[in-house]
Amino acid sequence: MAAKKVKELPYTLPEEFHVFGFSSDLLAWYDSQKRDLPWRINRDPYRVWVSEIMLQQTRVETVKPYYANFMEKFPTLGALAEAPEDEVLKAWEGLGYYSRARNLQAAAREVQARYGGIVPDTPEEIATLKGVGPYTAGAILSIAYEKPEPAVDGNVMRVFSRLLYLTDDIAKPATRIKIEHLVRQVIPAGRAGDFNQALMELGAMVCVPRSPQCLTCPVFDYCISRQEGVQEDLPIKGKAKPPRPVHLQVAVIMREGQVLINKRPETGLLAGMWEFPMVETDVSSPSAKQDILANGLYDRFAVEIEVLEPLGEVQHTFSHLHWSMQVWSCDWIAGNDLPPNAKFVSVDELDTYTFPMAHHKIREIMQQKSDLS
DNA sequence: AATCCGTGGGG
DNA sequence: TCCCCAAGGAT
């Protein structure tokens with residue numbers, strides 16, 4: 001029987017880590033230097049959960065005000081489960097990755113229905129919740145329940161890449177698996193939550209992406225890449241593809257002081273968010289953009305409009321897309337049989353709907369125009 | 001495995 | 001200005 005060949009070295013930590021107490025040294029630093037953050041007030045699983053979802057791909061300073069507002073509006077798991085989805089999206093407006101909010105509420109409802117309102121404390125159960133992946137599962141299990149599970153995020157991958165001089169590409173999924181194996185070997189009994197947070201805190205405060213502060217690092221003595229002088233060259237990370245350009249014509253359609261908006265589909269980009277009607281145009285298309293816009297909106301919303309004048313151009317970049325939006329002021333001509341995802345609302349009422357940042361920029365264009373007139 | 005999914009800050 | 005990238009997950 002041919003045993004599967006496994007590389008021993010990369011999955012096993014140097015003996016010094018155990019002999020000299022890497023985990024103890026890191027924890028001692030964390031105990032004295034950790035930041036006071038709102039989600040560290042207690043270990044309520046719901047509070048930890050919300051913080052971990054908000055912190056996905058999002059900076060601590062950005063999260064702070066959103067977290068405070070969210071916990072005020074939805075103080076308990078039950079409150080979140082019972083809230084209208086639109087209110088949850090509104091509380092997330094501007095944070096990005098809006099599926100996080102929709103998944104979080106869906107998962108809260110799942111916990112209410114299936115687990116009696118108690119966030120599950122096993123890897124198998126918690127991993128089934130929407131929006132809870134390997135990192136978040138480990139974070140909740142360790143921080144809220146003190147389970148010895150790794151929570152490997154970008155910080156931890158950077159820290160371990162430098163500590164052990166790992167040259168694996170941290171953009172590849174396999175690298176996270178490997179580092180989870182390594183972290184698992186040094187999680188101290190009874191302090192899994194603090195240890196995982198200490199690794200992330202180190203990555204955020206000391207072992208930062210550029211110009212790491214090695215002279216103040218509590219685990220300086222363990223760091224192989226520093227001994228080799230290559231800490232600035234780690235971690236290895238493949239480059240992302242540049243955003244794909246998309247050209248859009250946006251219609252600000254007025255009718256008796258009201259403007260037409262529509263709700264985006266429940267899946268995909270900016271799912272469930274409101275927007276001003278728009279149509280994608282091919283750069284090489286010979287047709288006038290005004291005509292493409294009018295025809296496109298007639299097909300989608302059964303409205304006839306007159307395109308009046310250009311209001312300006314708005315640029316907005318996502319991770320994988322770059323929107324170039326030409327904004328047009330339009331008059332409604334005919335068509336009252338709007339599809340259910342579209343409606344005319346007064347300009348004063350717009351704040352009650354949730355718009356992505358790209359469309360907030362369009363609102364600014366509108367505002368400037370109305371200030372002139 | 002590769003792609004989709006937002007936004008803002010810092011060098 | 002441009003580019004990186006930040007307590008990732010779903011498909």
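Labels below follow one simple rule: chain letters A, B, ... track the order of the sequence lines, proteins then strands, and each chain is numbered from 1. Heavy atoms only: backbone and side chains are in, while hydrogens, waters and symmetry mates are out.
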Short side-chain N/O contact from R210(A) to OP1 or OP2 of dC5(C), under 4.0 Å: no

Distance, nearest 0.5 Å, that separates CD of E313(A) from CE of M325(A): 9.0 Å

Aromatic plane relationship, H359(A) with F355(A) - under 30° parallel, 30 to 60° tilted, over 60° perpendicular: tilted

Whole-Å gap separating P (dC4(B)) and CZ (R244(A)): 7 Å

Side-chain N or O of H316(A) closer than 4.0 Å to phosphate OP1/OP2 of dT7(B): yes

Sugar-phosphate only, base, or nothing, as touched by V132(A) at under 4.0 Å among non-hydrogen atoms: sugar-phosphate

Q57(A) vs dG8(C): side-chain N/O to OP1/OP2 distance below 4.0 Å: yes

Phosphate contact (dC5(B) OP1 or OP2) by H320(A) side-chain N/O below 4.0 Å: yes

Sugar-phosphate, base or nothing in reach of L104(A), heavy atoms under 4.0 Å: nothing

Full working for ring-ring contact (aromatic ring centres under 6.0 Å, His included) between W323(A) and F318(A): CA-CA 8 Å; W323(A) 279 3; F318(A) 302 90; 4.8 Å; yes

Sugar-phosphate only, base, or nothing, as touched by L270(A) at under 4.0 Å among non-hydrogen atoms: sugar-phosphate

M205(A) CE - dA6(C) P separation (whole Å): 15 Å

Atom pair distance, as rounded to whole Å: CE in M54(A) and C1' in dG9(C): 17 Å

Per Y98(A) side chain, nearest of listed nucleotides dA7(C), dA1(B), dG6(B): dG6(B)

T62(A) (side chain) and dG9(B) (base): donor-acceptor pair under 3.5 Å: no

Sugar-phosphate, base or nothing in reach of W92(A), heavy atoms under 4.0 Å: nothing

Atom pair distance, as rounded to whole Å: CD in E180(A) and C1' in dA7(C): 14 Å

Salt bridge flag under 4.0 Å for residues K73(A) and E87(A): no

Phosphate contact (dG9(C) OP1 or OP2) by T136(A) side-chain N/O below 4.0 Å: yes

Phosphate contact (dC4(B) OP1 or OP2) by Y97(A) side-chain N/O below 4.0 Å: no

